[in-house]
Undergrad: 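Sharing a structure, written as structure tokens. Questions coming.
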Amino acid sequence: MSYQEEFTRSIEQPEAFWAAQARRIAWYREPRRILDRDEQGLYRWFGGGQLNTAYLALDYHVQQGRGSQPALIYDSPVTGTQATFTYSELLNQVARLAGGLRQLGVERGDRVVIYMPMIPETVVAMLACARIGAVHSVVFGGFAPHELAVRIDDAQPKVLLTASAGKEVDHVIDYLRIVDAALAEARHPPSACVVFQRSFHRAALRVGRDWDWDELAAGASPVDCVAVEATDPLYILYTSGTTGRPKGVVRDNGGHAVALEYSMSAIYDVRPGEVYWAASDVGWVVGHSYIVYAPLIHGCTTVLYEGKPVRTPDAGAFWRVVDQHDVRVMFTAPTAIRAIKREDPHGQLARRHDTSRLRYLFLAGERCDVPTLDWARRLLDKPVIDHWWQTESGWPMLANMPGLELLPIKPGSAGKPVSGYDIQVLDWTGRPLPPNQEGIVAVRLPLPPGCLPTLWNNTERFFKAYLTDHPGYYVSGDGGYRDEDGYFFITGRVDDVINVAGHRLSTGTMEEVIAAHPAVAECAVIGVADELKGQVPVGFVTLKVDSQLTDEQLQREVVALVRERVGAVASLKRVVVTPRLPKTRSGKILRRIMRSLAEGEAYQTPSTIDEPAVLEELADSMRRQQLPGALPQTGEAT
Ligand code: COA
Ligand code: AMP
């Protein structure tokens, strides 16, 4: 079927379309209703259906004769380890850990926080939760104790699973120290921690709180899958919103499994038995969907890579993995390709490996610049497909869908709407805009299966954050436009969320941390374009009159504070001390202008500015910090 026919059917007859897709997975009990709304007005897919996501990912395949097929290849250049787990082996480990969790009192509906590095045990942990109907919440390893504590307090887990250590390129991350600090801060700490001991860094366990992972699993009896409702939560994944408090995106079981299974054939065009590799981290949604759940539900072999695109040991690492493990479809973030391109611009390292069996490279997580896309396309001589999605959607919203039909690729565009997503560009009043006019990218309700049904324990925030501004639509938070051929171009966030090396971060969170510094009177954090990471945060601060600190001291302290409170992943390296921040007459900080100044872009002084002279002071301060600090063009903007 052509893309257009399939897409049209999915929009015109959503229930018939998704009922057909739902037949592709093995239910314990078929859904009674395809789509309905609950008493709060939330859409629910596949009500009355019962299933188990871990069953679909493991047991089902073993029953179908895939037991000896590799399910997971662990490739860890940072520790010099490789290991392969068949579907049967992974199932055994999952069933045992699930038994261990049960012994600790975890039952269906209980939450389990997973704070772990990129090791097979993390995948085992997620699937073990799914097996017993517990709700996991994976927290990315690059977050600091405070961020972990905030998530613990919101999810209120019964148990926390962690490892003794993580390994970055040249340093060891002491996970248990971070967990200790987070639990000391948390108001709702879990009653038990299960610690996987890594051989290069064993941790001392706390008696009464900590359990040794291997001992717990070895002493437990394997348990079977529990039937859960299609609408029961599978996981919570916290993502950055515009305030300092992260949003707990909820994923249900039924819609998620159906959507992911559909995506593997229709979008990624990969077949059961083939190797699929998402070079991301299980701490992000890409890792949840395309390292763990989708490849396994589809019967593929997934690759879990504990390394970087460069420096482990060089910029040929990705192509080595593709060649060695026979990867047919790959997915990563543009920033990783930019890092490789910078170190191997002529592809000399790439040519040492045979990438000819790879069919597609998919990119997402941030806007992909055209030179990066072109470079990858020339290097691999394969379609390189930019596609757009969010933690909230859980699977792509815009893409090229070669499993249906490979459409011509337009560099700079994230493609056309994926089946089920009626995507519109709206103006500020909520009216759909014609082609080539930039506005807010929104999806007409209902969202297809797999997308968030709500936010954890906060349906009010769910409505307010996504559905209230433009009734009838889900507002994505991204801006963009559509061309006359129906291709969409995402131009960036319209809120205070930034994207650093494919990691979604909130400037609000960083501002809260900086504002707590005793010498800081006022602050703002903005995302500034960066050649490698897409964007990096830059802090702007004004000092209290009695501050005795030099600018250099203040900068050092603020950088250290953000690292300590938010985590190294924030990558805040630059702080500009300035006499005043530019504001409107009503006191709103003019961030857009600050970004133009910092990126050296021409801009016009807004008519709403309180004191235009502030911009010149700010430009001076920026130049002292090696930022361009552009000056205004003549003329006044409104
Ligand atoms: N646990 C602990 N710390 C982590 C971490 C993790 N899982 N991931 C990153 N960090 C730390 C890094 O060690 C680094 O710390 P440092 O400042 O002490 O060096 C910091 O966070 C920033 O890391 P990163 O953003 O990875 O920057 P980098 O300079 O080390 O590497 C890239 C740059 C482009 C190679 C890297 O960002 C990358 O591979 N990006 C791809 C991102 C991706 O896959 N995103 C998922 C969306 S699909
Ligand atoms: P996350 O929720 O962490 O996956 O981040 C989602 C955000 O990343 C989106 O709202 C976009 O701002 C950005 N993003 C993801 N994919 C793309 C893409 N292909 N093009 C442009 N921006 C993207």
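All residue numbers refer to positions in the sequence shown, counting from 1. Only this structure's heavy atoms are used, side chains among them; waters, hydrogens and symmetry mates stay out. Counting starts at 1 for both ligands and their atoms, in listed order.
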Undergrad: Against heavy atoms of Gln390, which atoms of ligand 2 measure under 4.0 Å?
TA: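 Checking each atom against Gln390, I get 2 (O), 4 (O), 6 (C), 9 (C), 10 (O).
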
Undergrad: Kindly determine whether Tyr290 and Ser280 satisfy side-chain hydrogen bond (donor to acceptor under 3.5 Å, both in side chains), including the steps that lead there.
TA: CA-CA 9 Å; Tyr290 293 106; Ser280 175; over 6 Å; no

Undergrad: Quick one: look up the protein heavy atom nearest atom 5 (O) of ligand 2 and list residue, atom name and how far away it is.
TA: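 Its nearest protein heavy-atom neighbour is Arg504 CD, 3.4 Å.
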
Undergrad: Can you confirm whether Glu564 is buried at CD, in the sense that more than 12 heavy atoms of other residues, nucleotides or ligands lie under 6.0 Å from that atom?
TA: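 Incorrect, the count does not exceed 12.
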
Undergrad: Where is the nearest protein heavy atom to atom 44 (O) of ligand 1: which residue, which atom, and how far?
TA: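 Nearest neighbour among protein heavy atoms for atom 44 (O) of ligand 1, to 0.1 Å: Ala279 O, 3.5 Å.
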
Undergrad: Under a 4.0 angstrom heavy-atom cut-off, which atoms of ligand 1 come close to Gly142?
TA: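 Reading through ligand 1 atom by atom, the close ones are 1 (N), 2 (C), 3 (N), 4 (C), 5 (C), 6 (C), 7 (N).
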
Undergrad: Please state which part of His171 comes within less than 4.0 Å of ligand 1, counting heavy atoms only: side chain, backbone, both or neither.
TA: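 Side chain only; the backbone of His171 stays clear of ligand 1.
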
Undergrad: Below 6.0 angstrom between ring centroids: does that apply to Tyr293 and Trp395?
TA: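 Ring-ring flag for Tyr293/Trp395: false, centres at least 6.0 Å apart.
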
Undergrad: Decide whether Glu392 and Tyr466 meet the rule of one side-chain donor and one side-chain acceptor closer than 3.5 Å.
TA: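 Glu392 vs Tyr466: donor-acceptor pair found between side chains.
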
Undergrad: Under 4.5 Å between any side-chain heavy atoms of Leu148 and Val113, yes or no?
TA: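 Answer yes - side chains close enough.
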
Undergrad: Hey, which atoms in ligand 2 end up nearer than 4.0 Å to a heavy atom of Val285?
TA: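 Listed by number with element: 4 (O).
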
Undergrad: Among all protein heavy atoms, pick out the one at the shortest distance from atom 4 (O) of ligand 2; state its residue, atom name and that distance to 0.1 Å.
TA: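 So the nearest neighbour among protein heavy atoms is Thr391 N, 3.6 Å.
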
Undergrad: Would Glu392 count as being in polar contact with ligand 2, using the rule that some N or O on each side must be under 3.5 angstrom apart?
TA: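 No: no nitrogen or oxygen of Glu392 is under 3.5 Å from one in ligand 2.
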
Undergrad: Look at atom 48 (S) of ligand 1 and say which protein heavy atom is nearest, naming residue and atom and giving the distance to 0.1 Å.
TA: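 Its nearest protein heavy-atom neighbour is Val286 CG2, 3.5 Å.
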
Undergrad: Checking side-chain contact (heavy atoms from CB on, under 4.5 Å) between Tyr268 and each of Cys300, Pro402, Pro396, which is the one that passes?
TA: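 Passing option: Pro396.
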
Undergrad: Between Glu147 and Arg151, does any NZ, NE, NH1 or NH2 come within less than 4.0 Å of an OD or OE carboxylate oxygen?
TA: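 Yes, this pair counts.
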
Undergrad: Are Trp456 and Tyr238 close enough that their ring centres sit under 6.0 Å apart?
TA: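 No: the rings miss the under 6.0 Å criterion.
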
Undergrad: What I'd like to find out is whether the side chain of Leu404 reaches to under 4.5 Å of the side chain of Phe7, using heavy atoms alone.
TA: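 No, side chains not in contact.
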
Undergrad: Looking only at protein heavy atoms, which one is nearest to atom 29 (O) of ligand 1, and how far off is it?
TA: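 Result for atom 29 (O) of ligand 1: Lys533 NZ, 3.5 Å.
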
Undergrad: Atom 6 (C) of ligand 2: which protein heavy atom is closest, and how many Å away?
TA: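 In this structure, atom 6 (C) of ligand 2 has Trp389 O, 3.6 Å as its nearest protein heavy atom.
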
Undergrad: Any side-chain heavy-atom pair from Tyr235 and Val138 closer than 4.5 angstrom?
TA: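 No; the side chains remain at least 4.5 Å from each other.
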
Undergrad: Go through Tyr305 and Thr332 one step at a time and tell me if the side-chain hydrogen bond (donor to acceptor under 3.5 Å, both in side chains) criterion holds.
TA: CA-CA 12 Å; Tyr305 176 72; Thr332 192; over 6 Å; no

Undergrad: So that I can tick it off, tell me whether Lys308 and Glu168 are bridged by a salt bridge, with the cut-off set at under 4.0 angstrom between side-chain N and carboxylate O.
TA: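 A salt bridge is present here (some side-chain N lies under 4.0 Å from a carboxylate O).
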
Undergrad: Specify the protein heavy atom at minimum distance from atom 18 (C) of ligand 2: its residue, its atom name, and the distance to 0.1 Å.
TA: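 Nearest neighbour among protein heavy atoms for atom 18 (C) of ligand 2, to 0.1 Å: Glu366 O, 3.2 Å.
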
Undergrad: Closer than 4.0 Å to some heavy atom of Asp281 - which atoms of ligand 1 meet that?
TA: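 Matching atoms, with element in brackets: 7 (N).
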
Undergrad: Looking only at protein heavy atoms, which one is nearest to atom 9 (C) of ligand 2, and what is the separation?
TA: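 Ranked first by proximity to atom 9 (C) of ligand 2 is Asp478 OD2, 3.2 Å.
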
Undergrad: If you have a sec, work out which protein heavy atom is nearest atom 8 (N) of ligand 1 and how many Å separate them, to one decimal?
TA: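 Ranked first by proximity to atom 8 (N) of ligand 1 is Phe140 CZ, 3.4 Å.
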
Undergrad: Please indicate whether His346 has more than 12 foreign heavy atoms, meaning atoms of other residues, nucleotides or ligands, lying under 6.0 Å from its NE2.
TA: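 Atom NE2 in His346 is not packed in, count stays at 12 or less.
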
Undergrad: With respect to atom 47 (C) of ligand 1, which of Ala339, Gly502, Gly166, Pro334 exhibits the smallest heavy-atom separation?
TA: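 Answer by nearest heavy atom: Gly502.
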
Undergrad: Heavy-atom distances under 4.0 Å decide this one: backbone, side chain, both or neither, for Arg563 against ligand 1?
TA: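 Side chain only.
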
Undergrad: Which of the atoms of ligand 1 are close to Gly141, meaning less than 4.0 Å from one of its heavy atoms?
TA: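 With Gly141 as reference, the close atoms of ligand 1 come out as 1 (N), 2 (C), 6 (C).
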
Undergrad: Which heavy atom of the protein is the closest neighbour of atom 46 (C) of ligand 1, given with residue, atom name and distance?
TA: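 Protein heavy atom with the smallest distance to atom 46 (C) of ligand 1: Ser280 OG, 3.3 Å.
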
Undergrad: Using a 4.0 Å cutoff against the non-hydrogen atoms of Ile490, which atoms of ligand 2 qualify?
TA: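 Those atoms are 21 (C), 22 (N).
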
Undergrad: Would you check, one step at a time, whether the test side-chain hydrogen bond (donor to acceptor under 3.5 Å, both in side chains) holds for Glu438 with Thr491?
TA: CA-CA 9 Å; Glu438 193 171 332; Thr491 48; 2.9 Å; yes

Undergrad: Looking at atom 8 (O) of ligand 2, what's its closest protein heavy atom, distance included?
TA: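 Here the closest protein heavy atom is Asn499 ND2, 3.1 Å.
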
Undergrad: Select one of side chain, backbone, both or neither to describe which atoms of Arg311 lie under 4.0 Å from any atom of ligand 1, heavy atoms only.
TA: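 Only the side chain of Arg311 comes within reach of ligand 1.
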
Undergrad: Please determine whether the number of non-hydrogen atoms from other residues, nucleotides or ligands lying under 6.0 Å from atom CZ of Arg461 exceeds 12.
TA: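 Yes, because the 6.0 Å sphere around CZ of Arg461 holds more than 12 heavy atoms from other groups.
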
Undergrad: Check contact between Trp284 and ligand 2, using heavy atoms of the residue and a distance below 4.0 angstrom.
TA: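 Heavy atoms of Trp284 never come under 4.0 Å of ligand 2.
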
Undergrad: Looking at His298 versus Tyr276, is the centre-to-centre ring distance below 6.0 Å?
TA: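 Between His298 and Tyr276, the centre distance exceeds or equals 6.0 Å.
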
Undergrad: Considering Ala501, Gly567, Ser571, Ala144 one by one, which has a heavy atom nearer to atom 37 (O) of ligand 1 than any of the others?
TA: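 Comparing heavy atoms across Ala501, Gly567, Ser571, Ala144, the nearest one to atom 37 (O) of ligand 1 lies in Ala501.
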
Undergrad: State, to 0.1 Å, how close Tyr481 and Val425 come at their nearest heavy-atom pair, and which atoms those are.
TA: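 Taking every non-hydrogen atom into account, CA-CG2, 3.9 Å.
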
Undergrad: On the six-membered ring of Tyr3, is Lys416 placed so that its NZ or CZ lies under 6.0 angstrom from the centre and within 45° of the ring axis?
TA: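 No - Lys416 does not lie over the ring of Tyr3 by the 6.0 Å and 45° rule.
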
Undergrad: Starting from atom 41 (C) of ligand 1, find the nearest protein heavy-atom neighbour and note its residue, name and distance.
TA: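 Here the closest protein heavy atom is Thr335 CG2, 3.6 Å.
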
Undergrad: Among Lys308, Lys167, Arg504, which one puts a heavy atom closest to atom 23 (O) of ligand 1?
TA: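 Closest candidate by heavy-atom distance is Lys308.
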
Undergrad: If you have a sec, work out which protein heavy atom is nearest atom 5 (C) of ligand 1 and how many Å separate them, to one decimal?
TA: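 Closest protein heavy atom to atom 5 (C) of ligand 1: Glu168 OE2, 3.5 Å.
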
Undergrad: What do you reckon, does Thr332 have a nitrogen or oxygen under 3.5 Å from a nitrogen or oxygen of ligand 1?
TA: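 No.
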
Undergrad: State the atoms of ligand 1, each with its element, that fall below the 4.0 Å cut-off from a heavy-atom position in Ile173.
TA: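 Result: 2 (C), 3 (N).
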
Undergrad: Using a strict cut-off of 4.0 Å, indicate which atoms of ligand 2 neighbour a heavy atom of Gly365.
TA: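 Those atoms are 8 (O), 13 (C), 14 (N), 15 (C), 16 (N), 17 (C).
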
Undergrad: Which atoms from ligand 2 have a heavy atom of His387 less than 4.0 Å away?
TA: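 Going through ligand 2 atom by atom, the ones under 4.0 Å from His387 are 16 (N), 18 (C), 19 (N).
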
Undergrad: Below 4.0 angstrom from a heavy atom of Pro309, which ligand 1 atoms are there? Numbered from 1 as shown, please.
TA: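 Counting from 1, the qualifying ligand atoms are 35 (C), 39 (O).
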
Undergrad: Could you tell me the residue and atom name of the protein heavy atom closest to atom 14 (C) of ligand 1, and the distance to it rounded to 0.1 Å?
TA: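 So the nearest neighbour among protein heavy atoms is Ala568 CB, 4.2 Å.
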
